[in-house]
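Please read the structure below before turning to the comments.
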Amino acid sequence: MTTTTQFKVLEQNHPRVDAYEKVTGRATYASDVYLPGMLACKLLPSTRNHARIVSIDTSAAAALPGVRCVITGTDFPDIRFGSGALRDRYVMPREVVNFVGEPVAAVAADDEATAQEAIDLIKVEYEDIPSVVNPLAAMGEGAASVHPDLESYEGYGFTLGHNVSTLLDADRGDVEQAFRDADVVVEDVYRSQGINQGFLEPMACVADVEPSGRLVIYASTQGPYQIRAGLAAVLEIPVSRIRVVPMELGGGFGAKLRLAFEAFPALLAMRTGRPVKLVNTREEVFTMNGPRLPVTNYIRSGVMNDGTIVAREAYTIFDVGAYLGAGPNSGIGHGIGAYRIPNFRLRSYGVYTNKIYVGSYRASGVADMTFAVESHMDHIAHQIGMDAYDLRLHNALREGDVSVSGAVVPSNGLIETLEAIKEKIDWPRQLEDGHGLGLALCEWRSGSGPSTAAISVNDDGTVSLLTGSTDISGSDTSLAAIAAEALGIPMGSVVVAKRDTDMAPYTGQSGGSRVVYSQGTAVQRAAEETVQKLIALAAERLGVPEDALGCEDGRVYVMDNEPQGLTFAQLAAASITSRGGPIIGTASLSSMPYTPVFAAQAAEVKVDRGTGQVKVLRYIQAQDVGVAINPMAVEGQLDGGVVQGIGRALTEDQQFDPDTGAVRNPSFASYLMPLAIDLPESEVVLIKVPAEDGPFGARAVAEPPGFGPPAAIANAVYDAVGVRVKQLPLSGERVLAALNGDYDDIPFDVEALRLAEGII
Amino acid sequence: MARFDYLEPHSVDEALQMLAEHGDKTRLVAGSTDFLVRWRTGVWRPESVVCMQHVPGLDYINWNPDDGLSIGAMASVQDIELNTEVRSRYPALAAGATSFAGVQVRNLATVAGNICNASPAGDTLPALLAYNAQCRIIGPSGERSLPLDELFVGPGRTALAAGEILTEIRLPPPAPNTGGLYIKHSPRGAMDISAVGVASVVSLNDDGTCASARIALGSVAPTPLRAYGAEGRLVSQTPDAANIAEAARLASQSCNPIADVRSGADYRREMVRVLTERTLQHGVATAGDTPSFDDIRRLAVQTAW
């Protein structure tokens, strides 16, 4: 089905609506906010990973000239809050620290240097408590408790086992019988590493108190309403007393979805009556703000000789660090991947440890699951002597199948994505020594959640578009394109309003592949309502019935007599004195139907047998996008995701000290993201099977591109040199060890987990 | 941030005077690329800084057949990378320069600064050692010359006495039939600190035997170091695969690497073996040739052979 020709605005490249201000360096980020009398804030990180705070002596810091205020945990209301499913943390610890880097005090001073000098003068006396850093060890009964009072936490209720914050499960069919019936059983354990989101702009915010006493926060955030709610909770003030102004976002990838450090400058501003700015250093981003933490995946499949997978068991251990900073542990539904598997048992544990808390990152957990599932698929193919592509095609989900969550799979382009990469990379193919090909199939769903939009018509015939979503990766441009298409006006006639939480209607975060899909649907509906109102007004003024009118090119006209009509400008002018008043179209929705997103990817690699290092020579991705709202933005998302995925596959590795849990490489000099020189040319195929829901048939785009590279590259390494590395990243050291035969499988006691649940 | 007095001499004599006046609380800087990072993170807290940027006449790179190459203290790493004499006559040094940090840093950083910083991971240092670099040092009591090999004392520590300035680095003219290469081992192709770096320079006799072989290792000991034992294994021998493999094995035994966030110790040792073998093979294969800079660069930084 080809849809390209029916659009006037969509399916065409549009430069970003904010391109000019970004390119000229005039876009305003949170760190660009300067207010009269503004103070600088600095934070004191904990040096212990589990300790009671015996005392904090701030007297020398407070006495330093230029210091205006020093706060510690007890300056905040005694309220526990949560970023995930449990209320498991204080905004600043009151009695106990749980990770190295946790902020225990904050200073506001006339300038940053003075604030830092004051921080260095604060004396904290700690009394160490036994700690645990390894999540598998933490689940053992003898291990230290990260949260001894866990059972009293609000939100607790679905845990099982020691230090377990969350346990999610999904079951279907008779798993044991299916394993008994299977011709072959394949079992693997995979582990993926800590990953930093690696956004360009460190966290930054400015807090100010208005003369009315209202708190104003200028922040680098994906979720202004979520910051507002979080601040209201930890400061014990109503949300209506807070205004959050989302500034330009210099990258987030999930790290800026929720309340981060905004409460510190907020309380300091409330205490001093002066604006307070906090701009984190890169080291603080690495050591204080939640990254993704290591994931261990046990996975077992029962397979028939013809390649049909009849049973799947997966136990996933998510290290969540000190607090459930995101989640609960996601990824549960992804244990079967994009396949129809009739019998499954999936378990997903979130386990507390004394290291930095887990955060969100581009579909948290799914990339880890995809690495395991798609590596495992290749392992199955080799075990039964089947082509890895054929195995995927044979088991792939089809329309009408039932997904893990129970939703029926609607029409989609999964098979087309597979076919596209097969053709493009010319699979299967014999390559020279040390070279190999690998595949991965990725699945995700279009993001849902509360979405709102309002469109008003200006008297020059343009429209103003108001949404509560922070612009992320050009989403404002895509929303403008949706509005323009629905209204029948050019892109240039849509003004995207700058907004804050006072002005724009409530909306969910800019994350989880939801803005263009869900928010875009709200925009489309608001535009449709706007058109209806314009037609109603034109009918009234022209004295013809509404159904005799058409709307196109910024004009409402009589379909039988096209010269007769009124432009949007004329209608806007007329509306001011009309019965209905000025024209505003609005839309509001809370959730969207299940709309899957599928992508198939292929890697061609070269492995250096001397050093073990892997070079990606080609990387091809085909993704079903439904309809490309703004093709160059879509391709940008796909490119960016794959780059992040290649980093995850080969070089990125946030490391933790095995004893203290402290981050060992808190800088871009030691946390290595790939550079242009490390990357192949982008090769992207857009498959377009329109979604049954979503704006003009568009599907979500952002998350799946990053899922595939670790597995596709690991599979290609196997194809190249015959070794399967089950732990990320695929460093030269690890691959060389595998080549030399001294690579151990990851130990995993699945029996203990089965027994704990009473499964024999 | 810690404050310091900023001093800007306009001659080497004036710089010497300033160093003498301010004693050991001062730090001499050239490109400042290391200094600024360490000052901002509080590792270095000097009371004063003597900046050599405005001392004229120190940014030269001269070559002549009798004396070889002379590199002024203010010649940047980028100057070295772009210099045609360096590219054709000292390819291992060109390789070290081109694998160094990124272009912006190479524009500021100096070779002399890289030496005085004495990091075991300095990317120009193995090649300079392999080309038998001599240091010209001027101090309060006059001038002296010291082989580079004797300058490195420990991580970040050199044999420079208080008040002394490294003003020039000299590389003797290469013997006929010489070839060489530096390979930087890093997970990425650019902008990284080397996990291991190896430079080899080989000169062949007319009969194809080895007249000399010099091998220098980076990031695998407290200082960059020469692998003398491995070198000795090759001299007067035919540099065939077996002899090169044996020399590479000896080189890997001569280092003392640590395990850190970049790499394990055993892997580093193994990389010394692999990179020594590759640099020696390349040196032998290109002895007497003028390799293209594109090849040198590719071999120096590519992540997979």
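Model, not experiment: these values are computed from the prediction.
For the pair B:Met271/A:Leu736, a side-chain contact is recorded, criterion being any heavy-atom separation below 4.5 Å from C-beta on.
Note: B:Ile193 CD1 to A:Ser670 OG = 7.5 Å, rounded to the nearest 0.5 Å. Rounding to the nearest 0.5 Å places CZ of B:Arg40 at 9.5 Å from OG1 of A:Thr281.
Contacts between B:Glu270 and chain A at a heavy-atom distance below 4.5 Å involve the side chain alone, from C-beta outward. Residue B:Arg278 touches chain A through its side chain alone, counting heavy-atom pairs closer than 4.5 Å. Both the backbone and the side chain of A:Glu733 come within contact range of chain B, with heavy atoms under 4.5 Å apart. Of the atoms belonging to A:Thr611, heavy atoms from both backbone and side chain fall under 4.5 Å from chain B.
Looking at every heavy atom in both residues, A:Lys615 comes nearest to B:Thr303 through CD-OG1, 3.6 Å. Closest approach of B:Asp260 and A:Arg664 over heavy atoms only: C-NH2, 3.7 Å.
Under the 3.5 Å distance criterion, the side-chain polar atoms of B:Arg188 are matched with a main-chain donor or acceptor of A:Met673. With hydrogens and angles ignored, the 3.5 Å screen pairs no side-chain donor or acceptor of B:Tyr267 with any backbone N or O of A:Arg734. Looking only at distances, a side-chain donor or acceptor of A:Lys606 sits under 3.5 Å from a matching main-chain atom of B:Ala304. In this structure, the side chain of A:Gln613 engages the main chain of B:Ser186 through a donor-acceptor pair within 3.5 Å.
Atom CG of B:Asp266 sits in a sparse spot, with 12 or fewer heavy atoms from other residues, nucleotides or ligands closer than 6.0 Å.
Considering only heavy-atom pairs separated by less than 4.5 Å from chain A, the leading option among B:Val274, B:Val261, B:Leu275 is B:Val261.
No option in A:Leu672, A:Val614, A:Leu650 other than A:Leu672 meets the side-chain contact (heavy atoms from CB on, under 4.5 Å) test with B:Pro187.
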